[in-house]
There are 2 protein chains.
Amino acid sequence: MPAREEHLFEVFDRLIAIKNECSSAIFSECGLSRLTVKQIAYLKAIDEHHDVTFSRLAEITRNSKPTITEMINRFVRMECAYRQKSPDDGRIVYIHLTEKGRMMANAEQNALNRMIEKMVRALDEKEVDLLIEILKKVG
Amino acid sequence: MPAREEHLFEVFDRLIAIKNECSSAIFSECGLSRLTVKQIAYLKAIDEHHDVTFSRLAEITRNSKPTITEMINRFVRMECAYRQKSPDDGRIVYIHLTEKGRMMANAEQNALNRMIEKMVRALDEKEVDLLIEILKKVG
DNA sequence: TACCCATTAGTTTGGTTTGGCCTAACTATA
DNA sequence: TATAGTTAGGCCAAACCAAACTAATGGGTA
């Protein structure tokens, strides 16, 4: 590997390590270090689809309704979600995320935010602008 | 959030997305998209400790020996690891990773490498050097 | 030297818990 | 009667365990 790439690898490896530390911190602050990959995916699905019902979430995730009931019961126990009955139709129940649930659904974004804060503290404005300019060319 | 941080967030979010795509690609190239978080942690432990035995791995991961036997049997089925008897002491068996196993243990690093390659292709040498210089100040 | 026995390494057996999935049957509302 | 969600009961895989087992080693002693 050329030296330039090697150096780039090292600095990014360090950045990713910082982000991962932020990520772990967020999960353990919420006491939810043992969330599974699946559970996070469900939380994201709920977060993305506003006022989602059990039937709708079953459709979205391609699972049966009992599976959704079970999953939501788990989330309620974890204080990540709660039920809200529709005022118009007594059969319908909306699934909402709690503050904690939203935090978990967006844990990666939140960790990135924390990392960015650290970055901004370590750099001056000119450096940040330069960084943005260069990295824009990659995406 | 200040505009500067917002922009920084966007460019890094995009970079992380690229890295995650590389990550997924690596797992599916190996046909191991369903590896669990635990399994990856075990693979890393094996990769880090050279010529590790069952007893030693049980110590390192703080699990019983039957748990290790079970886990290694799974890895052998997945073609991630194999057993090698000690030539000196017939009771001792070393755990080794296959090429695939090493790839999985270092999937994150490999994904980062692929991302860096994409980056280097998109930037010129001066930009890369500048990037390294700025990011060094963060770590 | 040869045998026996305690020790060590790993495996097998049989068990638990948790997550994640299902169908079929149920309840309540529309 | 149709729809929304729940309950009951079941399945399988992952991840753990203790206890009992097998095989190899390495003394110690007859």
Side-chain angles (χ1 to χ4, degrees), chain A residues 27 30-46 49-97 101 104-105, chain B residues 27 30-46 49-97 101 104-105:
Chain A
F27 284 107
C30 291
L32 291 173
S33 300
R34 293 184 179 198
L35 271 189
T36 68
V37 177
K38 290 248 172 195
Q39 285 166 359
I40 294 169
Y42 277 99
L43 289 174
K44 281 184 183 170
I46 297 166
H49 299 83
H50 226 256
D51 276 341
V52 74
T53 63
F54 283 74
S55 300
R56 183 79 189 99
L57 189 57
E59 270 176 36
I60 292 165
T61 63
R62 294 183 204 189
N63 283 123
S64 68
K65 289 193 286 174
T67 297
I68 304 303
T69 296
E70 197 181 39
M71 191 60 75
I72 300 303
N73 285 341
R74 221 188 323 266
F75 286 150
V76 170
R77 263 179 269 132
M78 291 172 175
E79 300 178 311
C80 283
Y82 60 94
R83 288 169 165 82
Q84 189 175 49
K85 274 209 161 188
S86 164
D88 307 323
D89 185 336
R91 293 169 302 180
I92 293 173
V93 181
Y94 296 113
I95 304 165
H96 289 303
L97 294 186
M104 292 299 98
Chain B
F27 283 108
C30 291
L32 292 172
S33 300
R34 295 183 178 197
L35 271 188
T36 69
V37 176
K38 290 248 173 194
Q39 285 166 0
I40 293 169
Y42 277 98
L43 288 174
K44 280 183 185 168
I46 298 167
H49 299 82
H50 227 255
D51 276 340
V52 75
T53 63
F54 283 74
S55 299
R56 184 77 189 100
L57 190 57
E59 269 177 38
I60 293 165
T61 64
R62 291 181 206 190
N63 282 312
S64 67
K65 290 193 286 173
T67 298
I68 304 303
T69 297
E70 198 181 40
M71 190 60 76
I72 300 304
N73 285 342
R74 218 184 332 262
F75 286 151
V76 170
R77 266 179 269 132
M78 292 173 174
E79 301 178 309
C80 282
Y82 60 95
R83 288 170 166 80
Q84 188 175 48
K85 273 211 163 190
S86 165
D88 307 323
D89 186 336
R91 293 169 302 178
I92 294 174
V93 180
Y94 296 113
I95 305 166
H96 289 303
L97 295 187
M104 292 301 97

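Remember, it's a predicted structure, so these values are computed and weren't measured experimentally. Side chains are part of it too, since the values below use all heavy atoms of this structure and drop only hydrogens, waters and symmetry mates.
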Heavy atoms from C-beta onward define the side chain here; which of D:dC16, C:dT12, C:dA24 lies closest to that of A:P66? C:dA24
Scan B:T36 against the nucleic acid and name what it touches under 4.0 Å (heavy atoms): base, sugar-phosphate only, or nothing. sugar-phosphate
Need one value for B:N73: base, sugar-phosphate or nothing, where a base atom within 4.0 Å counts as base even if backbone is also close, heavy atoms only. nothing
Using a 4.0 Å heavy-atom cut-off across all strands, classify A:R34 as base, sugar-phosphate, or nothing. nothing
Per atom distances to the B:D89 side chain, the nearest of C:dT29, D:dC16, D:dA24 is D:dA24
Going from CD1 on B:I46 to CE on B:M71, what distance comes out if it is rounded to the nearest 0.5 angstrom? 9.0 Å
Taking only side-chain N and O atoms of A:N63, does any of them lie within less than 4.0 angstrom of OP1 or OP2 on C:dC22? yes
Selected nucleotide, minimal atom distance to B:R91 side chain, candidates C:dG20, D:dA24, D:dC16: D:dA24
Can you tell me how far C1' of D:dT25 sits from NZ of B:K85, to the nearest Å? 12 Å
Assign each of B:S64 and B:R77 to its nearest nucleotide of DNA chain D by heavy atoms, then name whichever residue's nucleotide is nearer the 5' end. B:R77
Spacing of A:D88 atom CG relative to C:dA30 atom C1', expressed in whole Å: 12 Å
Looking only at C:dT12, C:dA30, D:dA15, the nucleotide nearest the B:Q39 side chain is D:dA15
What is the separation between atom CD1 on B:I68 and atom P on D:dC17, rounded to the nearest whole Å? 8 Å
Report yes if at least one side-chain N or O of B:K38 is closer than 4.0 Å to OP1 or OP2 of D:dC16; otherwise report no. yes
Does A:T69 put a side-chain nitrogen or oxygen below 4.0 Å from OP1 or OP2 of D:dT6? yes
Quick one: B:E59 CD to C:dG10 C1', roughly how many Å, whole number? 14 Å
Looking only at side-chain atoms of A:R74, point me to the closest of C:dG19, D:dG5, C:dA9. C:dG19
What's the separation between atom CZ in B:F75 and atom CG in B:L43, rounded to the nearest 0.5 Å? 3.5 Å
Rounded to the nearest angstrom, tell me the gap between atom CZ in A:F54 and atom P in D:dT7. 10 Å
In Å and rounded to the nearest 0.5 Å, what is the OH to CD1 distance from B:Y82 to B:I95? 12.0 Å
Taking only side-chain N and O atoms of B:S55, does any of them lie within less than 4.0 angstrom of OP1 or OP2 on C:dG10? yes
When you measure from the side-chain N and O atoms of B:T67 to the phosphate of D:dA15, is any distance below 4.0 Å, counting only OP1 and OP2? no
Round to a whole Å and report the spacing from CD of A:Q84 to P of D:dG5. 13 Å
Any side-chain N or O of B:R83 less than 4.0 Å from the OP1 or OP2 oxygen of C:dT11? yes
When all nucleic acid strands are considered with a 4.0 Å heavy-atom cut-off, which category describes B:Y42: base, sugar-phosphate, or nothing? sugar-phosphate
I want to check something: taking the side chain as every heavy atom from C-beta on, are B:Q84 and B:V93 in contact at a cut-off of under 4.5 Å? no
Between C:dC21, C:dT23, C:dT7, spot the one nearest the side chain of A:M71, thanks. C:dC21
Distance, rounded to the nearest Å, where A:I40 contributes CD1 and C:dG20 contributes C1': 15 Å
OP1, OP2 of D:dC17 versus side-chain N and O of B:K65: anything below 4.0 Å? no
Please compare A:I92 and A:E70 by the position of their nearest nucleotide in DNA chain D and report the one closer to 5'. A:I92
Point-to-point distance, once rounded to the nearest 0.5 Å, from OG1 of B:T61 to NE2 of B:H49: 10.0 Å
So how far is it from A:N63 CG to A:E70 CD, rounded to the nearest 0.5 Å? 10.5 Å
What is the distance, rounded to the nearest whole Å, between atom OH of A:Y94 and atom P of D:dA4? 11 Å
B:T53 OG1 to B:K65 NZ distance, which is reported to the nearest 0.5 Å: 9.0 Å
